[in-house]
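Everything below concerns the one structure shown next.
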Amino acid sequence: MSQKIEELHSKYSNQMKMCGNNNIVIITSPLSMVAQNFLSNLIRIFQALSGEIYVITGGDFSKKNIFNDKVYIKKVMHRGGRGTVDRIISYISTQLKISFLLVKKRDADIYVFFLAQSLILPILTLKIMRKKVILAVGASTSKLHENVKDYLLLPLKIIEKISYRLSDNIALSSENLISEWNLEKYRNKIYIAHEHFIDFDKFKIKKKFNERDKLVGYVGRLSEEKGILNFVKAIPEILKERDGAKFLLVGDGQLRGKVEKYLNDMDLTDNVKLMGWIPHDELSEYLNELKLMIIPSYTESGPQVLLEAMACGTPVLATLVGIIPDIIKDGETGFIMENNSPQCIAENTIRALEYPNLGRIVKNAKKVIEDEFTYKAAIERYKKILEDILVKEQLVDVNKWGEYDKIR
């Protein structure tokens, strides 16, 4: 963690002591490696705005890269089932374990479900206990399953709707997601806030754009909702127009076998390098080699790599989902494609690579990220949510919040 972010953390933490030390519990489902980075960001934000933080999480989450003072991690190991019945039993068992921990930890002021709106039993437990519940919705569970044949899709949709109804507040990363995820009926309790911020000491331009080779990249899960198969199917069409182009795919997932098979069948292995996950600390080096980043997703909330690429001076071509329309303006701060069909990806990749003034796009994009995605801005977004909830419930002194505003 950079010195600048540590200094900001210390500054906000000291200021918030005047407003009382409100304890927060964060509850998550088992998280992928990328999602764990998002959770780390959220913890760092709340550390500057609260007292103690308790994290109840499925899977193996490490406290690496977060400020370790007053953060307590309780892991609930989740056993993934093979068949449908086994998955349901495991799903219920994990939720019962989390619910039991929440009953024991009944002295917190706010409970935040992060990427966990499907944890209906813990949410019901907290509502019975008359506790305040925030859903930090980094992704739509039902949307993630739409492109996969899953018998549990209908129950997941129903559970998600119940969770939205029971929650006291919902945090979305973009206004666009209200209509995209059909959440209009909950608009009165929705806040626009997210955990995305950039460490500009790590993610910055290290290699000038005009010195980079014609390398096109993808960073993310190799899964249906990310549109990765459409991207690799676009590569032969791109090579017809850009014979010397090279491609870098960073990530892993259930579609890795299909991606590898397609690359081998189409004799693309000389043009495409397929890597697994790389340590987040090393990602900046790879982003600084790219001439263009492709985000061909069907659904998104962030994504964080969009911001990191732009901070590194890499233009991005993406679909119009999630927070992306808020950041990318076609031909100004990046490139937008109408859909993620292989043909559309190919046509727009060629358009972006041949764009006459990519240097201007790099400059504009970097300014947007530096202005809007700082650690301070992230704290301010969530501070407004906590302010509304805590003051309304008289959990903090209104006058102290006024004093805090003066200090800022």
Side-chain angles (χ1 to χ4, degrees), residues 198 203-222 226-251 259 263 268 270-275 278 283-297 300 302-325 327-369:
I198 298 296
F203 291 91
K204 58 186 178 182
I205 297 176
K206 301 175 183 178
K207 186 173 185 178
K208 294 180 180 178
F209 185 74
N210 58 9
E211 296 176 355
R212 304 181 189 184
D213 295 329
K214 299 282 192 300
L215 182 64
V216 179
Y218 168 90
V219 179
R221 289 192 305 276
L222 305 184
K226 294 293 185 179
I228 180 61
L229 286 179
N230 291 359
F231 177 41
V232 296
K233 289 177 182 179
I235 291 175
E237 296 302 314
I238 297 170
L239 289 172
K240 289 179 182 179
E241 299 291 331
R242 309 285 294 196
D243 186 48
K246 300 290 183 180
F247 301 85
L248 176 68
L249 309 181
V250 177
V259 171
L263 296 177
L268 296 172
D270 288 340
N271 296 88
V272 184
K273 184 175 183 180
L274 176 59
M275 304 179 65
I278 59 174
L283 182 57
S284 174
E285 305 300 325
Y286 289 89
L287 294 177
N288 268 273
E289 296 296 328
L290 299 181
K291 206 76 172 181
L292 183 67
M293 163 77 76
I294 309 291
I295 301 177
S297 303
E300 282 285 359
Q304 180 81 5
V305 72
L306 163 72
L307 314 177
E308 292 166 344
M310 293 168 74
C312 291
T314 302
V316 176
L317 167 65
T319 47
L320 274 170
V321 292
I323 199 173
I324 291 171
I327 302 170
I328 296 184
K329 307 303 177 187
D330 193 79
E332 296 180 18
T333 56
F335 300 94
I336 294 295
M337 45 188 165
E338 301 79 17
N339 58 68
N340 65 353
S341 67
Q343 181 181 359
C344 189
I345 294 172
E347 291 174 353
N348 280 281
T349 299
I350 295 166
R351 174 174 73 95
L353 290 173
E354 295 179 349
Y355 198 77
N357 196 353
L358 282 172
R360 180 177 62 84
I361 287 180
V362 168
K363 183 178 179 180
N364 292 344
K366 195 169 188 301
K367 186 176 188 309
V368 168
I369 301 306

Do [X] and [Y] have side-chain heavy atoms sitting under 4.5 Å apart?
X      : Y      : answer
Tyr286 : Leu215 : no
Ile324 : Ile295 : yes
Phe335 : Ile361 : yes
Glu354 : Arg242 : yes
Arg351 : Asp330 : yes
Glu308 : Leu287 : yes
Leu239 : Leu268 : yes
Ile294 : Met337 : yes

Kindly give the heavy-atom pair with the smallest separation between [X] and [Y], and that separation in Å.
X      : Y      : value
Cys312 : Ser284 : SG-OG, 3.7 Å
Lys206 : Asn288 : N-OD1, 2.6 Å
Pro303 : Ile323 : N-CG2, 4.4 Å
Asn348 : Glu338 : ND2-OE1, 3.6 Å
Leu358 : Pro315 : CD2-CG, 4.3 Å
Asp213 : Lys291 : O-CB, 3.6 Å

Hey, could you give me the [atom1]/[atom2] distance between [X] and [Y], rounded to the nearest 0.5 Å?
X      : Y      : atom1 : atom2 : answer
Glu237 : Cys344 : CD    : SG    : 13.0 Å
Asn230 : Ile345 : CG    : CD1   : 5.0 Å
Phe203 : Thr314 : CZ    : OG1   : 11.0 Å
Ile235 : Leu249 : CD1   : CG    : 5.5 Å
Ile336 : Thr319 : CD1   : OG1   : 7.5 Å
Glu347 : Ile238 : CD    : CD1   : 10.5 Å

Q) Between Lys273 and Phe247, is NZ or CZ placed under 6.0 angstrom from the six-membered ring centre and within 45° of the ring axis? A) no
Q: List the steps and the verdict of side chain to side chain contact (heavy atoms under 4.5 Å, CB included) for Lys363 and Phe209.
A: CA-CA 10 Å; Lys363 183 178 179 180; Phe209 185 74; over 6 Å; no
Q: Look at atom NZ of Lys204 and say whether more than 12 heavy atoms of other residues, nucleotides or ligands are closer to it than 6.0 Å.
A: no
Q: Taking atom CG of Asp243 as the centre, report whether more than 12 heavy atoms of other residues, nucleotides or ligands fall under 6.0 Å from it.
A: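 Not buried by this count: 12 neighbours or fewer within 6.0 Å.
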Tell me whether [X] contacts the main-chain N or O of [Y] through its side chain, where contact means a donor paired with an acceptor under 3.5 Å.
X      : Y      : answer
Asn340 : Ala318 : no
Thr333 : Asn364 : no
Arg212 : Leu290 : yes

Q) Is any NZ, NE, NH1 or NH2 atom of the basic residue among Glu300 and Lys226 found under 4.0 Å from an Asp or Glu carboxylate oxygen of the other? A) yes
Q: Could you please spell out the steps behind the side chain to side chain contact (heavy atoms under 4.5 Å, CB included) verdict for Glu285 and Ile278?
A: CA-CA 11 Å; Glu285 305 300 325; Ile278 59 174; over 6 Å; no
Q) Can Val368 and Ile328 be said to form a side chain to side chain contact (heavy atoms under 4.5 Å, CB included), step by step? A) CA-CA 9 Å; Val368 168; Ile328 296 184; over 6 Å; no
Q. Stepwise, does the side chain to side chain contact (heavy atoms under 4.5 Å, CB included) test hold for Gln304 with Ile198?
A. CA-CA 9 Å; Gln304 180 81 5; Ile198 298 296; 3.7 Å; yes
